[in-house]
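Note that the coordinates shown come from a computational prediction; the quantities given were computed from them, not determined experimentally. Order of appearance sets the numbers: ligands from 1, and atoms from 1 within every ligand. Only this structure's heavy atoms are used, side chains among them; waters, hydrogens and symmetry mates stay out. By convention here, the first residue in the shown sequence is residue 1.
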Amino acid sequence: MSATLIDGKAVAEQIREEIKSRVAQLRTQGVVPGLGVILVGEDPASVSYVTAKEKACEEAGIASFEHRLPADISLESLLGYVRAFNEDPRVHGILVQLPLPRHIDEKAVIAAIAPEKDVDGFTPVNVGRMLLEEPCFLPCTPNGVLELIKRTGVKTDGAHVVIVGRSNIVGKPLANLFIRKSINSTVTLCHTGTHDLASYCKRADILVACAGKPRLITADMIKEGACVIDVGVNRVADPTAKKGYRLVGDVDFSGALEVAGFLTPVPGGVGPMTITMLLQNTVESASRA
Ligand code: GUN
């Protein structure tokens, strides 16, 4: 058996066309959706994400405003940039790329983002609203995962979902979204403290790997026919590659291909969906403004 690949890039492109026409519509009303981006330091993965996000904005007709700031910036001065975006009427969404350098209090920075511009869905206000199912911006990667599953036609009602990873950005919010009545899954959330990870994964109808560990999930941990969503983006050294590294997910791709029913590739699976959900939230914010 060989899994059906879930083409995140194709699904993302389809949604981006829908977004593009919404942006064009807003522009005729004199509203240009705008995203304010803050990148601190020069972490290569973060630079590459931010560049991809800005390129996607441009293609969709969304304006982007960017601050690339030095890694040794003080918390106070970083907060100044966030507040300036909060007050800038051209900016409908604010993205502070994470992780931030160690000396910066990440929580303080996130909390400073105006909730109505929090298109990442990271502020305490947004997280609370999500939990209570009040109108809010859903975090981009979890929302992208759900959209991908929905558009692939995989049944979530009554499904047993196993999530591996408990980050604030992916694992925790995703677990929460899967238990909404409208999605109606049963969730097991595994993490580094889980004993015998394989025994849990093996029971999953839908398995989401978001641990940030290259090839953590191997074929023997996957139930025959399961839908496997790989959120991991890990750089592993590869002397034969032009850049000296290659991207792999948290799932051993070639092994999983033999057992799973559906599988997302890395790259080209969840990644493009995350960016698309960011564009969607930004446009949504602009149309409310
Ligand atoms: N770092 C990794 N993923 C994300 C994301 O979705 N948003 C932000 N701001 N930082 C990230």
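A side-chain donor-acceptor contact under 3.5 Å links Arg166 and Thr192.
Within the structure, every pair that satisfies the ring pair (Phe, Tyr, Trp, His ring centres under 6.0 Å) test and touches residues 55-88, not counting sequence neighbours, is listed here: His67-Tyr81, His67-Phe85.
Salt bridge absent: Lys9 and Asp7 never bring a charged side-chain N and a carboxylate O closer than 4.0 Å. A salt bridge links Glu17 with Lys20: the distance from a Lys NZ or Arg NE/NH1/NH2 to an Asp or Glu carboxylate oxygen falls below 4.0 Å.
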List, one per line, each side-chain donor-acceptor pair under 3.5 Å for residues 171-181, sequence neighbours excluded.
unit_1: Lys172; atom_1: NZ; unit_2: Asn168; atom_2: OD1; d: 2.6
unit_1: Arg180; atom_1: NH2; unit_2: Met130; atom_2: O; d: 3.0

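Near ligand 1, residues Lys53, Leu95, Val96, Gln97, Leu98, Asp120, Phe122 come within 4.0 angstrom through at least one heavy atom.
The side chain to side chain donor-acceptor pair (under 3.5 Å) search around Asp157 returns Asn184, not counting sequence neighbours.
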